[in-house]
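Structure record follows, encoded as structure tokens.
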Amino acid sequence: MRNKSFYIQTFGCQMNERDSETLAGMLRDSGYYESPVRNQADVIVINTCSVRENADKRFFGTLGQLKAVKRERPDTVVAVCGCMMQQQHIIETLKAKYPWVDLIFGTHNIHEFPELLANVLNEREKIVAVWGRAENIIEGLPSMRKNPYKAFVNIMYGCDNFCTYCIVPFTRGRERSREPKAILHEVYRLVEDGVREITLLGQNVNSYQGMVSEEDSEIKKETSFAELICLLNKTEGLERIRFMTSHPKDLSEELIEAYVSCEKLCPHIHLPVQSGSTKILSMMNRKYTAEAYLKLVERLRSRVPDIAITTDIIVGFPGETEQDFDATLNLVKTVGFDSAFTFLYSARKGTPAEDFKDQVPESIKHDRFNRLVNILNITSAEKNKALVGTTEEVLAEGKSKTNAALFTGRTGGHKLVNFKADSDVSGHIVKVLITNSTTFSLTGRASEV
Ligand code: SF4
């Protein structure tokens, strides 16, 4: 009997990417191999995201395309999972309009996937298995990484913040932190497998609170996020530590000091500001003011002068006036972000902001979006240009996908660098002389490994 193949399509954030690595690991362990072509795979999994309307639309578009695949090859299994499946109205829509979907499961029971898939194949019946809430954290699930030198490591799940535009607390549940020992063990195994850089993942890593269930002389009973970084910093063979995402309201002095004391913690922070208007921040329930955010940036820069700061900004939140938007532009100019993800606000079903008055017309949102992106791009280009002539440490990830004569990698500040090297430097931290820059990347030449 021939081996069966799978294809996983992932929408959304790094948490979803990490979940997809687990799904791929489970499929590999069940004897499947990864197909490079979606429509030829025996099992097609779509891991969904519900943070933005655009991802919803792309998901339904993808499902529409799979109708023809099912018609041609009825034995193909179509499975859907992820945040969208935690919403009842989505499940109803799938049942009513997309009968070619065989398996629906949620964010809290991905560990059940192999069993659910086997049931679909054996019984040839459709299965909907979505848990309403999370049970205990399941450790030790397999994983199949895309990158040999970098890995995502979940340290916590869920979010307790209830920003008014966000569906995550409803789809991913309340905050749950993994035990420090389990995280250390996973990182140790990753390093043994050749990983040089880890990114610690959580919706709000600053509120990580690791509890130790057994007595341990090295690990405290309660471990803060900064303490976890300091523990990981001791891992031999690990070169770099990053994290995503931190909420400004919970960023502690202790974490700022970790940048100074832990040499493996990269000088980069992704610190979503969302708006420069304190009025809008309050309506978003972000629990900090624009002034507090600016003070935080000052404190970070006073302790870590070369830190790269990146952010997320939502344009056109309900009630955003021209004055509020100007406040965002002013904050952006004051901070000088290295780069930013910018989003047009889209109402998410089930969130408080869906019912807010004064929704901003699309044309105004687009106009503001373009003005904001222009300013952000100018700053990004200036920041990159300032690095020309300097020597940066880059973790070489392999050959560039667009130019096989170049290697590609990232600096500690997370800048993308394409560079020439005389030998295969993949997996090494390389000193690269930066010779040129654009808005989004740098080019250079490796000087030594
Ligand atoms: S901090 Fe706010 S935006 Fe981020 S996941 Fe939690 S609720 Fe959503």
Side-chain angles (χ1 to χ4, degrees), residues 12-18 49 51-52 147 150-157 159 161 163 165-166 168 172 175 197-208 225-226 228-229 232 240-252 254-259 262 264-276 281 284 286-288 290 292-301 303-315 328 331-332 334-343 372-373 376-377 379-380 383-384 395 409-417 439-441:
C13 65
Q14 286 87 357
M15 301 287 281
N16 258 20
E17 277 182 46
R18 180 65 190 80
C49 166
V51 169
R52 275 167 252 293
N147 190 309
K150 301 201 300 188
F152 292 130
V153 177
N154 279 320
I155 62 164
M156 60 188 298
Y157 302 91
C159 183
N161 284 315
C163 300
Y165 53 83
C166 183
V168 165
R172 294 257 173 192
E175 285 176 1
E197 175 181 308
I198 53 162
T199 301
L200 306 175
L201 289 183
Q203 303 295 349
N204 178 18
V205 288
N206 297 335
S207 59
Y208 173 82
F225 181 51
L228 177 70
I229 288 176
L232 290 166
R240 285 176 164 184
I241 303 170
R242 301 184 188 276
F243 58 84
M244 277 275 244
T245 288
S246 51
H247 194 302
K249 82 174 166 54
D250 296 320
L251 199 144
S252 65
E254 196 195 4
L255 179 58
I256 297 177
E257 288 313 310
Y259 278 103
C262 301
K264 293 177 184 173
L265 183 56
C266 289
H268 170 225
I269 188 162
H270 187 71
L271 196 61
V273 64
Q274 306 301 10
S275 169
L281 288 170
M284 289 175 165
R286 292 289 290 174
K287 303 192 184 89
Y288 55 85
Y293 185 92
L294 289 171
K295 285 217 175 85
L296 187 53
V297 168
E298 258 177 43
R299 290 213 303 281
L300 272 163
R301 285 190 170 144
R303 294 298 287 144
V304 197
D306 63 339
I307 195 163
I309 304 179
T310 55
T311 199
D312 294 338
I313 299 171
I314 297 172
V315 177
T328 298
L331 182 137
V332 161
T334 307
V335 174
F337 290 107
D338 288 79
S339 66
F341 293 112
T342 43
F343 306 98
L372 174 65
V373 169
L376 287 165
N377 285 352
T379 317
S380 296
K383 295 252 172 192
N384 282 351
L395 172 60
R410 299 243 172 207
T411 67
H414 209 240
K415 310 244 182 231
L416 179 66
V417 187
T439 307
F440 303 111
S441 69

Problem - Check: Gln14/Thr199 side-chain N/O donor and acceptor closer than 3.5 Å - result: no
Of all heavy-atom pairs between [X] and [Y], which one has the smallest distance, and what is that distance?
| X | Y | result |
| --- | --- | --- |
| Thr328 | Ser275 | OG1-OG, 3.6 Å |
| Leu281 | Ala290 | CD1-N, 3.6 Å |
| Ser246 | Pro272 | O-CD, 3.2 Å |
| Ala308 | Gly413 | CB-O, 3.5 Å |

Practice task
Apply side chain to side chain contact (heavy atoms under 4.5 Å, CB included) to Thr439 and Asn384, showing your working.
Solution key: CA-CA 7 Å; Thr439 307; Asn384 282 351; 5.7 Å; no
Close side-chain approach of [X] to [Y], heavy-atom, < 4.5 Å:
| X | Y | result |
| --- | --- | --- |
| Val297 | Thr334 | no |
| Phe243 | Leu228 | no |
| Leu200 | Ile229 | yes |
| Leu416 | Phe440 | no |
| Met244 | Val205 | no |
| Cys163 | Arg286 | yes |
| Tyr288 | Leu296 | no |
| Val168 | Met15 | no |

Practice task
For the pair Asn377 and Thr379, evaluate side chain to side chain contact (heavy atoms under 4.5 Å, CB included) and give the outcome as yes or no after the intermediate values.
Solution key: CA-CA 5 Å; Asn377 285 352; Thr379 317; over 6 Å; no
Exercise for the section: Report the residues that fulfil side chain to side chain contact (heavy atoms under 4.5 Å, CB included) with Asn147, sequence neighbours left out, ordered by chain and then residue number. Expected result: Tyr149, Lys150, Glu397
Practice task
Using the test side chain to side chain contact (heavy atoms under 4.5 Å, CB included), find all partners of Thr342 that sit at least two apart in sequence or belong to another chain.
Solution key: Ile313, Phe369, Leu372, Val373, Leu376
Problem - Arg303 atom CZ: more than 12 heavy-atom contacts under 6.0 Å - result: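 No, not enclosed.
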Excluding sequence neighbours, so at least two apart, what forms salt bridge (charged side-chain N to carboxylate O under 4.0 Å, His left out) with [X]?
| X | answer |
| --- | --- |
| Arg52 | none |
| Lys383 | none |
| Arg301 | none |
| Glu197 | Arg240, Arg242 |

Look up atom [atom1] in [X] and atom [atom2] in [Y], then write down how far apart they are to the nearest 0.5 Å.
| X | Y | atom1 | atom2 | value |
| --- | --- | --- | --- | --- |
| Leu251 | Leu271 | CG | CG | 6.0 Å |
| Tyr259 | Ile307 | OH | CD1 | 4.0 Å |
| Lys287 | Asp250 | NZ | CG | 8.5 Å |
| Asp338 | Ser380 | CG | OG | 7.0 Å |
| His247 | Cys159 | NE2 | SG | 7.0 Å |
| Ile256 | Leu300 | CD1 | CG | 4.5 Å |

Problem - Derivation and outcome, side chain to side chain donor-acceptor pair (under 3.5 Å), residues His268 and Thr310 - result: CA-CA 8 Å; His268 170 225; Thr310 55; 2.9 Å; yes
Problem - Sole residue of Thr245, Asp312, Thr311 in side-chain hydrogen bond (donor to acceptor under 3.5 Å, both in side chains) with His270 - result: Asp312
